[in-house]
Asks: 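Take this structure, written in structure tokens, and hold onto it; I'll ask about it next.
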Amino acid sequence: MSQVLPATISPALFAERADAIADAARELAAAGWTPATSSNFSMRLDAEHAAITISGRDKGKLGRNDIMLIDMHGKAVGTDARPSAETDLHTQIYRRYPEMNVVLHTHSRTQSVASRLFAKEDVIRLEGWELQKAIAGQTTHDAEMVIPVFPNTQHMPELVAQVDAWLDSGKPLHAYLINGHGIYTWGRDMAETRRHLEALEFLLGCELDLRRLSA
Ligand SMILES: CSCCC(=O)C(=O)COP(=O)(O)O
Ligand SMILES: [Zn+2]
């Protein structure tokens, strides 16, 4: 499927972002965090557009042609390809956080198990871990960082509404889990977002170990 770009987006910029998404996806897939075609990834191109993974593709085998253009309402632009089923969660972050340029969503085993275990409490409270400082704006292990766990649903507007409600309440949000599903996190660039994802994977694993050991 071919991608036609609007005159305002240079082919070089689209290619650079598509390659960055595909490279990250291959590495995350190699870590086992994108089983069975799961997960989706996007990068902002400008105020109105983002590049995002085409739905259903094997995230370990992505190339430039597996990435497509969408507008900030999640509509395909210049292609008949179908964007990720979870596109609305990406565009929501871009609309709510103009400074954020990358959104990564994965389904690792640790993320999936933690989402089920902590769903009973609605949130995961991280405190006392030095690696919390890998999240932008976190300056000490002493501060509590709260990661919400939202109920899963196949009805995307409900998920979007849950995230909106959290943000509208004024609580900070660096990432969230969806129960039985996976994690979403974001950042100003790919390196920052990868750092967030890796730190959260590690911290969730530590919390699971603590629960296991204190059982
Ligand atoms: C087989 S995974 C189910 C859908 C999902 O959760 C996911 O992350 C991948 O969906 P996409 O449409 O982005 O391929
Ligand atoms: Zn998913």
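Numbering of ligands and ligand atoms starts at 1, following listing order.
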Asks: Using a 4.0 Å cut-off to any heavy atom of T37, which atoms of ligand 1 qualify?
Replies: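 Atoms satisfying the 4.0 Å criterion: 1 (C), 9 (C), 14 (O).
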
Asks: Identify which of S38, S84, S55 has a heavy atom lying nearest to atom 13 (O) of ligand 1.
Replies: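 Of the listed residues, S84 has the closest heavy atom.
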
Asks: Taking C-beta and beyond as the side chain, do T87 and K75 meet within less than 4.5 Å on heavy atoms?
Replies: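 No, side chains not in contact.
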
Asks: For a 4.5 angstrom cut-off between non-hydrogen side-chain atoms, does I67 reach R17?
Replies: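 I67 does not reach R17 side chain to side chain.
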
Asks: Would you give the length of the straight line joining atom CG of L62 to atom CD1 of I54, rounded to the nearest 0.5 angstrom?
Replies: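 L62 atom CG to I54 atom CD1 measures 9.0 Å (nearest 0.5 Å).
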
Asks: To the nearest 10 degrees, how large is the angle at the Zn ion (ligand 2) between E86 OE1 and H105 NE2?
Replies: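 Reported to 10°, the angle equals 70°.
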
Asks: Strictly under 4.0 Å, does any heavy atom of R82 approach an atom of ligand 1?
Replies: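 Distance cut 4.0 Å: R82 fails for ligand 1.
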
Asks: Taking only heavy atoms of S39 into account, list the atoms of ligand 1 that are under 4.0 Å away from them.
Replies: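 Going through ligand 1 atom by atom, the ones under 4.0 Å from S39 are 7 (C), 8 (O), 9 (C), 13 (O).
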
Asks: Heavy-atom count around Q154 CD within 6.0 Å, excluding the residue itself: above 12?
Replies: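 Counting neighbours around CD of Q154, 12 or fewer heavy atoms of other residues, nucleotides or ligands fall under 6.0 Å, so no.
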
Asks: Which atoms of ligand 1 have any heavy atom of A85 under 4.0 Å away?
Replies: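 Counting from 1, the qualifying ligand atoms are 11 (P), 12 (O), 13 (O).
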
Asks: For atom 5 (C) of ligand 1, find the nearest protein heavy atom and state the residue, atom name and distance (0.1 Å precision).
Replies: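 Of every protein heavy atom, E86 OE2, 3.1 Å lies nearest to atom 5 (C) of ligand 1.
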
Asks: Using the benzene-type ring in the case of Trp, are the ring centres of H90 and H105 under 6.0 Å apart?
Replies: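 Not close enough - the centres of the two rings lie 6.0 Å or further apart.
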
Asks: If we only count N/O pairs under 3.5 Å, is T53 in contact with ligand 1?
Replies: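 No, there is no polar N/O contact under 3.5 Å.
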
Asks: For A36, take its heavy atoms, then give the atoms of ligand 1 lying under 4.0 Å from any of them.
Replies: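 In order of numbering, the contacting atoms are 1 (C).
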
Asks: Partners of F150 by ring pair (Phe, Tyr, Trp, His ring centres under 6.0 Å), sequence neighbours excluded?
Replies: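 In terms of ring pair (Phe, Tyr, Trp, His ring centres under 6.0 Å), with neighbours along the sequence ignored, F150 is linked to Y176.
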
Asks: Could you tell me which atoms of ligand 1, counted from 1 in the order shown, lie closer than 4.0 angstrom to a heavy atom of H181?
Replies: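 Near H181, the atoms of ligand 1 are 6 (O).
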
Asks: Return the residue, atom name and 0.1 Å-rounded distance of the protein heavy atom closest to atom 10 (O) of ligand 1.
Replies: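 Checked against all protein heavy atoms, atom 10 (O) of ligand 1 sits closest to N40 ND2, 3.8 Å.
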
Asks: Taking the basic N atoms (NZ, or NE/NH1/NH2) and the acidic carboxylate oxygens, is any pair closer than 4.0 Å for R96 and D168?
Replies: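 Looking at R96 and D168, the cut-off is met.
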
Asks: Using a cut-off of 6.0 Å, state whether more than 12 heavy atoms not belonging to R188 lie near its atom CZ.
Replies: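 12 or below, so no.
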
Asks: Answer with side chain, backbone, both or neither: which part of K59 has a heavy atom less than 4.0 angstrom from an atom of ligand 1?
Replies: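 Under 4.0 Å from ligand 1, K59 contributes side-chain atoms alone.
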
Asks: To check your reading of the model: name the closest protein heavy atom to atom 3 (C) of ligand 1, its residue, and the distance in Å.
Replies: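 Atom 3 (C) of ligand 1 sits closest to the protein heavy atom H107 CE1, 4.8 Å.
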
Asks: For N/O/S atoms only: which one belongs to H181 and is nearest the Zn ion (ligand 2)?
Replies: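 Within H181, restricted to N, O or S, the Zn ion (ligand 2) is closest to atom NE2.
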
Asks: T185 pairs by side chain to side chain contact (heavy atoms under 4.5 Å, CB included) with which of H196, E198, E201?
Replies: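 Exactly one option meets the side chain to side chain contact (heavy atoms under 4.5 Å, CB included) with T185, and it is H196.
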
Asks: Test your reading of the structure: does G56 have an N or O sitting under 3.5 Å from an N or O of ligand 1?
Replies: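 In this structure, G56 places an N or O atom under 3.5 Å from an N or O of ligand 1.
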
Asks: Apply the hydrophobic cluster definition, ILVMFWY joined by side-chain contacts under 4.5 Å directly or through others, and give me every member besides L213.
Replies: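 Members alongside L213: none; it stands by itself.
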
Asks: For ligand 1, which atoms sit closer than 4.0 Å to a heavy atom of H105?
Replies: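 Those qualifying, in numeric order: 8 (O).
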
Asks: Can a protein heavy atom be found under 4.0 Å away from atom 1 (C) of ligand 1?
Replies: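 So atom 1 (C) of ligand 1 has protein heavy-atom neighbours under 4.0 Å.
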
Asks: Can you find a heavy atom in the side chain of F41 that is under 4.5 Å from one in the side chain of V102?
Replies: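 No, too far: nothing below the 4.5 Å cut-off.
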
